[in-house]
Amino acid sequence: MIERTLVLLKPDAVQRSLMGEVLTRFERVGLKMVACRMVWVDKAFSKQHYAEHVSKPFYPGLESLITQGPVLAFVLEGVDAIEVVRKMVGPTEPKGAAPGTIRGDFAHVSYAHADERKIGIKNLIHASANKDDAKKEIALWFKADELHSYKTVHDMHVLE
Ligand code: UDP
Ligand code: MG
């Protein structure tokens with residue numbers, strides 16, 4: 001099933017100049033970027049995007065991380081894209097993320113390290129967790145006319 005999912009390269013990824021390397025991974029597997037925007041998130045918008053986490057103890061650290069510089073927000077489209085992108089991103093804690101995943105290849109820190117310093121865990125990237133979240137998050141970040149439908153060579157060589 002063709003799905004769309006929201007991805008954010010968080011300020012740590014942008015400031016480490018990892019945008020190109022990460023985007024290349026998604027392009028390489030044939031996922032299609034259908035929207036893209038650079039946004040400096042403010043505290044109010046962070047609370048909307050991370051609504052499910054606002055009351056959790058780690059939220060202040062997360063908010064301070066996500067608002068510390070611009071993020072690159074984009075929408076990827078592909079077969080079971082939500083699950084595939086989460087697989088490529090890896091689990092939340094970089095220490096436990098396998099090599100080959102984005103979090104496992106570009107970070108290594110643990111929850112314990114972040115908690116001790118009362119900071120958010122710097123894990124580079126956000127990706128929608130499920131269909132409901134993807135729908136809500138894409139609508140929060142993009143207007144309908146910012147989402148594009150177009151053909152790539154993958155439509156012929158990967159999907160068909
Ligand atoms: N986070 C954190 N400390 C925690 C749990 C989460 O700093 O103990 C941050 C981390 O940046 C994570 C984000 O909050 O990516 C959202 O948490 P979630 O559990 O939704 O993880 P994700 O879906 O990003 O893997
Ligand atoms: Mg999440």
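All ligand and atom numbering here is 1-based and tracks the order in the structure.
Summarising the geometry of Ile138 relative to Thr5, their closest heavy-atom pair is CD1-N, 3.9 Å, with the distance given to 0.1 Å. Pro91 approaches Gly96 most closely through the heavy-atom pair CG-O, 3.9 Å. The minimum heavy-atom distance between Ala107 and Lys122, with the atom names listed, is CB-O, 4.0 Å. Among all heavy-atom pairs drawn from Pro11 and Ile66, the shortest one is CG-O, 3.7 Å.
The shortest N/O to N/O separation between Arg86 and ligand 1 falls below 3.5 Å. For ligand 1, the polar-atom distance check against Pro91 finds no nitrogen or oxygen pair separated by under 3.5 Å.
In Leu62, the part holding a heavy atom less than 4.0 Å from any atom of ligand 1 is the side chain. At a 4.0 Å heavy-atom cut-off, ligand 1 does not touch Glu63 at all.
Each of Glu93, Lys95, Lys10 was scored for a side chain to side chain contact (heavy atoms under 4.5 Å, CB included) with Asn123, with one residue passing: Lys10.
Nearest residue to atom 24 (O) of ligand 1 from His126, Arg103, His49 is Arg103 (criterion: closest heavy atom).
Side-chain atoms of Arg103 come within 3.5 Å of backbone N or O of Ile125 as a donor-acceptor pair. With hydrogens and angles disregarded, a donor-acceptor distance shorter than 3.5 Å links the side chain of Glu146 to the backbone of Lys143.
Residue contact check: Lys10 has heavy atoms under 4.0 Å from atoms 10 (C), 11 (O), 12 (C), 15 (O) of ligand 1. Interface of Thr92 with ligand 1, defined as ligand atoms under 4.0 Å from a residue heavy atom, comprises 12 (C), 15 (O), 21 (O), 22 (P), 25 (O). Residue-ligand proximity, Gly120 to ligand 1, at heavy-atom distances under 4.0 Å covers atoms 7 (O). Near Asn123, the atoms of ligand 1 lying under 4.0 angstrom from a non-hydrogen atom of the residue are 10 (C), 11 (O), 12 (C), 15 (O). Heavy-atom contacts of His53 reach the following atoms of ligand 1: 16 (C), 17 (O), 18 (P), 19 (O), 20 (O) (cutoff under 4.0 Å).
No side-chain donor from either of His154 and Glu27 sits under 3.5 Å from a side-chain acceptor of the other.
The protein heavy atom nearest to atom 7 (O) of ligand 1 is Ile121 N, 2.8 Å. With respect to atom 6 (C) of ligand 1, the closest heavy atom belonging to the protein is Phe58 CE1, 3.4 Å.
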